[in-house]
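A note on names: the letters A, B, ... follow the listed sequences, proteins ahead of strands, and every chain is numbered from 1.
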Amino acid sequence: MDNARVKARTLSGFMELMPQDQLLFNKIASTLEEHYRLCGFLPLDTPILENSDVLLAKAGGETEKQIYRFTKGDSDLTMRFDLTVPLAKYVALHYNDLVFPFKRYQIGKVYRGERSQRGRFREFYQADIDIIGDGELAITNDAEIPSIIYGVFSALGLTDFTIRINNRKILFGLFLMLSIEEYAEEAMRIVDKIEKIGRDKAAGELRDMGIAAEKVELLLQFIAISGSSEEMLSQLRAFSRGEELFERGIHELECVVKAVSMFGVPEESYKIDLSIARGLDYYTGTVYETSFDKHPEIGSICSGGRYDNLAGHYTDKKLPGVGVSIGLTRLFFILNEMNYLNRQVSTPVDVLVLPMTESYEEAIAFASLLRTNHLNAQIYFEDKKFKNKMSYANRINVPFVAFIGEDEIKQRTVSLKNFISGVQVTVSREEALSVIRGSLEEIGDTKIINCT
RNA sequence: GUGGGUAUAGCUCAGUCGGUUAGAGCACCAGAUUGUGGUUCUGGGUGUCGACGGUUCGAAUCCGUUUACCCACCCCA
């Protein structure tokens, strides 16, 4: 009965795409994967569920509130909320079998039980890369990470993004110099959102925490230092009062910035921004944040940094690492909103084979020929009117339709219609292969993203 | 978790003072057109007005409760 029918719906905060968009999403994901491989990263997949004690070893009060956690029998389980904590567990567990520095990429879904909002999801994909060292990890790795971000975004066809770089040692060092290190964690968070809430409100919040007004002023002045990388570094040096941590931070930042340009990242795509702090407390040095120049309000689509001792909860070994996470679901959401997605490239199949007679034998044979030649082919078997068959081809956005009717069977040919240009030719089946290939190459060259 | 808002067709939304058979655009289906799609023309409403209860001769409309969703905060990709 009708009352028994359940209303079909998708949970809020869970992205569900139409096939054409899913195709684009998958292409973006595979572009990322390809680029990660190109840079020497190895694939990794870990379970979505872990024992709660493993995932929450590190978690503070806030994280715990936003987690999907449940029990099944006697086991207390948690869904992963990022890919970094599972990585830490993985590296600690398989320490003896891994080769360091261990470079891995992982693209997978993560879950956060927070209120969903525009551009914010409860289930979303992260595409992570991390480099883990055994005991030590060279600072140049910190510079390669942003170059990889630049590389993947460029590979997608994106231009208007900025990678902002900072070093938390500088901020910690400053807190030490001002003798306000006890407020460090909360102050970091306020500093981090200064762009959003404004200087005055940030000043108020810092004072409310109990930091003296003149120190707040000094802190905000410091954060606001701007200019080219060179100018900023020299201004930072002038700020130094011989505080060791502060100077180490400046040194690291300098190394990173220099090396980033060696990696070929153009000046306009990255900058030092002293207000980038990152809320997560496991970062200990370099931090990154990437956002779209036109949509800063949606927030970071890619962020990460250096952590000196990630696996500390699972092992005595010191395992420093550096990495970033691209918020793939959010990235896709923004690209869609900005109308940047080039749907022309999302063709589901290359060829739709339409049998025009009762016998499907020749149509199947032709489809097999296409498939053995790595062309995606679909055969339409339904007994519908011709118009419906054409309309189907039109709706699935297929670039070629191949008619196999009486004439074509007799002459061992195929009538091939280019659905984009409308041009139709009747050629031998072997010739059809090269016609299709030639035309697909043109489509293949166009970028997934069209940002003009 | 805190504060504010919304709920009518697959989607975006109208719906007057409470009044008769609840509408528009897009989408979808059928026909014009049995080997040529997109455009056009013609026809078709595909709905528990979120749910439950109350007021009333009469409720999409007023009142109460509830659920879902959206926005902001918190936090974050």
What integer number of Å spans the [atom1] atoms of [N] and [M]?
| N | M | atom1 | value |
| --- | --- | --- | --- |
| B:rU61 | B:rA9 | P | 15 Å |
| B:rG5 | B:rU65 | P | 14 Å |
| B:rU16 | B:rA22 | P | 15 Å |

Query raised in the report: Pick the nucleotide of RNA chain B nearest each of A:E406 and A:C302; which residue has the one closer to the 5' end?
Result: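 Nearer the 5' end of the strand: A:E406.
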**Report entry** Position toward the 5' end of RNA chain B (nearest nucleotide), A:G13 or A:S325
**Finding:**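 Of the two residues, A:G13 wins.
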With respect to the side chain of [X], which nucleotide from [options] is positioned closest?
| X | options | result |
| --- | --- | --- |
| A:N394 | B:rG37, B:rC75, B:rA77 | B:rG37 |
| A:K196 | B:rA30, B:rC75, B:rC70 | B:rC75 |
| A:S12 | B:rG37, B:rA77, B:rC69 | B:rC69 |

Given the structure, check if the side chain of [X] and the base of [N] hold any donor-acceptor pair shorter than 3.5 Å.
| X | N | result |
| --- | --- | --- |
| A:R112 | B:rA77 | yes |
| A:K385 | B:rU34 | no |
| A:E114 | B:rA77 | yes |

What are the atom names and distances for every N/O pair under 3.5 Å that joins the protein to nucleotides 4-11 of chain B?
none

Requested in this report: Could you tell me whether the side chains of A:D407 and A:Q411 share a donor-acceptor contact shorter than 3.5 Å?
Outcome: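 There is no such pair (donor and acceptor under 3.5 Å, judged by atom type) between the side chains of A:D407 and A:Q411.
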Report task. Would you mind reading off the distance between A:R395 atom CZ and B:rU39 atom P, rounded to a whole angstrom? Result ->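 Interatomic distance, CZ of A:R395 to P of B:rU39: 11 Å.
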